[in-house]
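When a residue number appears, it is its place in the shown sequence, counting from 1. On a predicted model such as this, the values are computed, not experimentally measured, just so you know.
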Amino acid sequence: MFWKTIFIAFMAAAVLGDENQLKPRIEDECNNDPVGNFNTFEETAIIFDRCLKSAINLNDLQQEIKDAKTKAAVSQIFQRHCEKKPQLMTCVHTSLDALSRCEDASVQSQIVSAKNISDQIFDFVCYNHGEKVIMFLAEKGSLCYQSKTDDITACLNQVKEDNAPSFVDSKNLSIQEKCTRYDQFSSCIVGALKNCDTPVAANTFESLLKSLRVVSPCNNLNNQIVQERQPNGAVDSQVN
């Protein structure tokens with residue numbers, strides 16, 4: 001189901017190293033913090049899990065969608081669950097705030113981006129009572145995604161191997177390098193999904209990944225590059 005596969009966006013947004021390295025990394029940094037914030041982070045992670053489950057049960061939601069007979073019925077299901085969007089966003093923001101206590105200023109700025117990205121995912125899923133997701137499901141987008149799981153995993157592994165094999169290395173990448181990794185992964189996953197019989201899966205993920213990029217530091221980087229080039233362009237045009 002899309003509700004399960006949508007979280008590929010979080011992975012794409014970060015495109016970090018092996019997820020198994022994340023907890024030891026956080027534990028190492030937080031243990032060096034005299035305040036002992038790692039315990040706070042672990043406690044917050046538990047609260048985060050409970051918070052999400054109190055707001056929405058993904059298994060029940062999937063069953064509701066499966067049992068629905070019409071698109072109108074599915075739309076009503078999304079409308080009801082998306083009313084909980086503010087609660088879900090609070091769950092995510094609270095957990096990210098807990099993580100930021102153990103990180104330096106450079107990573108804390110990425111926490112802000114992570115919040116923006118998570119908000120954008122919720123907005124995308126809930127747009128017009130789940131219109132985009134409903135189309136994804138109706139046109140068998142989930143089947144396409146599931147059939148390309150190995151290809152998508154290969155996309156992620158390729159980006160990791162080409163750029164940064166570990167979480168630590170990933171932290172040291174510049175914004176431009178991280179944006180390049182994101183663009184490589186986005187192109188790879190969309191390219192894989194385009195090989196399905198229906199274009200809806202590729203179109204949906206392409207739309208989602210582009211919307212996530214807009215709220216990421218990559219968008220500011222693009223604007224900066226354009227601004228830096230404009231004065232030269234103006235001079236060139238006058239000379240010519």
Using 0.5 Å steps for rounding, measure from the CD atom of Q62 to the CG atom of L137.
9.5 Å
Check: I189 and K148 side chains under 4.5 Å, non-hydrogen atoms:
no
Report whether V200 and V190 are members of the same hydrophobic cluster (ILVMFWY, side-chain heavy atoms less than 4.5 Å apart, transitive linking).
no
To the nearest 0.5 Å, what is the distance between CG on L88 and CG on D119?
11.0 Å
Which heavy atom in V214 sits nearest to a heavy atom in N219, and how many Å separate them?
O-CB, 3.2 Å
Can you give me the closest heavy-atom contact between E83 and P86, atom names plus distance?
O-CD, 3.5 Å
Roughly how far apart are N157 CG and F185 CZ, rounded to 0.5 Å?
9.5 Å
Measure the spacing between CD of E64 and CZ of F78 and express it to the nearest 0.5 Å.
10.0 Å
Output the distance between atom CD (Q184) and atom CD (Q158), rounded to the nearest 0.5 Å.
8.5 Å
Donor-acceptor contact present, side-chain Q87 to main-chain K84, <3.5 Å:
no
Quick one, K210 and S186 - any side-chain contact, counting heavy atoms below 4.5 Å?
no
Could you report the tightest heavy-atom contact between L193 and A201, atom names first, then the distance?
CD1-O, 3.8 Å
Which atoms form the tightest heavy-atom contact between E139 and T198, and what is the distance?
O-CG2, 3.3 Å
Would you say the side-chain atoms of S187 pair up with the backbone N or O of D183, donor to acceptor, closer than 3.5 Å?
yes
Please check if the number of heavy atoms outside N57 that lie under 6.0 Å from its CG is greater than 12.
yes
Taking the side chain as everything from C-beta on, heavy atoms only, tell me whether S207 gets closer than 4.5 Å to K132.
yes
Heavy-atom pair of closest approach, residues S147 and C144
OG-O, 2.6 Å
Find out if a path of hydrophobic residues (ILVMFWY) with successive side-chain heavy-atom gaps under 4.5 Å connects I152 to L212.
yes
Please answer whether the main-chain N or O of R213 pairs with a side-chain N or O of S216 as donor and acceptor at a distance below 3.5 Å.
yes
Looking at every heavy atom in both D151 and A192, which two are closest together, and how far apart are they?
CB-CB, 3.9 Å
Out of the candidates D60, D67, N59, only one should pair with Q63 under the side chain to side chain donor-acceptor pair (under 3.5 Å) rule; please name it.
D67
Check the orientation of F136 and F205. Use parallel for under 30°, tilted for 30 to 60°, and perpendicular for over 60°.
perpendicular
To the nearest 0.5 angstrom, please state how far the SG atom of C155 sits from the CG atom of D150.
11.0 Å
Identify every side-chain donor-acceptor pair in residues 121-130 under 3.5 Å, counting partners at least two apart or on other chains, and give the distances.
unit_1 : atom_1 : unit_2 : atom_2 : d
D123   : OD1    : K85    : NZ     : 2.8
N128   : ND2    : E131   : OE2    : 2.6

Is M135 reachable from L208 through a run of hydrophobic residues whose side-chain heavy atoms are each under 4.5 Å from the next?
no
Apply side chain to side chain contact (heavy atoms under 4.5 Å, CB included) to residues H93 and S118 and explain how you reach the verdict.
CA-CA 9 Å; H93 286 205; S118 66; 4.2 Å; yes
Taking the side chain as every heavy atom from C-beta outward, state whether C196 and K140 have any pair of such atoms under 4.5 Å apart.
no
